[in-house]
Engineer: 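Please see the structure below; I have some questions.
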Amino acid sequence: MNILITGATGGIGQALVEVFYKNSWNILAVGRNKKILEELKLKYGDKIEIYSRDIGKEKEIIEFLEEIRGREIDLLINGAGIGEIGEFENISLIEEQRMIDINIQALLMLTKYFYKKMLERKEGGIINISSTAGFQVGGPLMCGYYATKAYVNSLTFGLIEESKGKNIKIMLLCPGPTATNFKGMKSEIEGAKKFYITTPKEVANQCYRDYILGKNLSIPGRVNRILYYLNKFIPWKIQLKNIEKIQRKKQIETLN
Ligand SMILES: NC(=O)c1ccc[n+]([C@@H]2O[C@H](COP(=O)([O-])OP(=O)(O)OC[C@H]3O[C@@H](n4cnc5c(N)ncnc54)[C@H](OP(=O)(O)O)[C@@H]3O)[C@@H](O)[C@H]2O)c1
């Protein structure tokens, strides 16, 4: 079975590579960081093919798809994603557009390409990595990022329904705060944060389990699942205030 993972060089992506490798999948790993890709190659040998590509550039995606044309991909994981934290006026238009290019445009291009191929083959699966942020009405201090994840949620939920009866498994993976090098996060978890911050390994294991079980929505971490349900009962203005407080704290912590 072949799996294509974008964001394979990042915290969650690398953990996913490990889980799928252990379950005997052949991996096509995409990221930009050549050093990490080489390390993955050393570790997983023949079971992995590495592709250093900037999927924020449409041209590189088109060339990549041309290069792997004819390869059967049984599962696509759209994992690459970036975030920017700060007041809207302090995040440049270029940074906002880059988030859209990677979190939305690349995910859309790859999903459309492989979904159509999977329809022809009458089998396959796609996991889109969004975030619990995608369920919020908005994300003060991370306005653009939250908006990109709302897009991923909406697109994926739509596709979940459309794909019914077509033997294509679509799953939306929504991690909460996870210990990686993602903007605003740290790869080390200290003290009480262990209670609500998940590790990339926990996220990847839950993702694998839920996908194999045929679930359409995977939210790793008990606290995140509880918050997901509670959130439905919180008035939107209060949600925004809470998120603003959380992001402000994160912003201060990452500046220090
Ligand atoms: N960490 C969290 O708290 C958290 C919470 C919820 C959702 N998520 C989501 O989980 C996903 C993975 O994030 P992570 O936490 O693992 O972050 P990460 O450690 O920063 O990894 C991000 C990944 O995206 C790749 N990427 C970024 N820009 C790229 C580009 N232009 N071309 C190709 N690849 C690119 C990176 O590869 P290179 O640097 O090698 O290009 C890296 O593999 C993202 O979609 C993120 O939104 C994260």
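In each ligand, atom 1 is the first atom listed, and ligand 1 is the first ligand listed. By convention here, the first residue in the shown sequence is residue 1.
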Engineer: Once the angle between the rings of Y145 and F182 is folded into 0 to 90°, is it parallel (under 30°), tilted (30 to 60°) or perpendicular (over 60°)?
Structural biologist: tilted
Engineer: Just by distance, with hydrogens left out, do Y51 and E49 show a side-chain donor and acceptor under 3.5 Å apart?
Structural biologist: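 Per modelled atom types, Y51 and E49 side chains form a pair under 3.5 Å.
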Engineer: Would you find more than 12 non-hydrogen atoms of other residues, nucleotides or ligands less than 6.0 Å from K41 atom NZ?
Structural biologist: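 Correct, the count exceeds 12.
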Engineer: Show the protein residues that qualify under the rule heavy atom under 4.0 Å from an atom of ligand 1, listing them in chain and number order.
Structural biologist: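 Correct list: G7, A8, T9, G10, G11, I12, G31, R32, N33, R53, D54, I55, G56, G79, A80, G81, I82, R98, I102, I129, S130, S131, Y145, K149, P175, G176, P177, T178, T180, N181, F182, M185.
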Engineer: Taking only Lys NZ, Arg NE, NH1 and NH2, and the carboxylate oxygens of Asp or Glu, determine whether E123 and R121 approach each other closer than 4.0 Å.
Structural biologist: yes
Engineer: Assess, by modelled atom type and distance only, whether the side chains of E39 and Y44 contain a donor and an acceptor separated by less than 3.5 Å.
Structural biologist: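 Distance-only check fails for E39 and Y44.
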Engineer: Does R222 CZ have over 12 foreign heavy atoms under 6.0 Å away?
Structural biologist: no
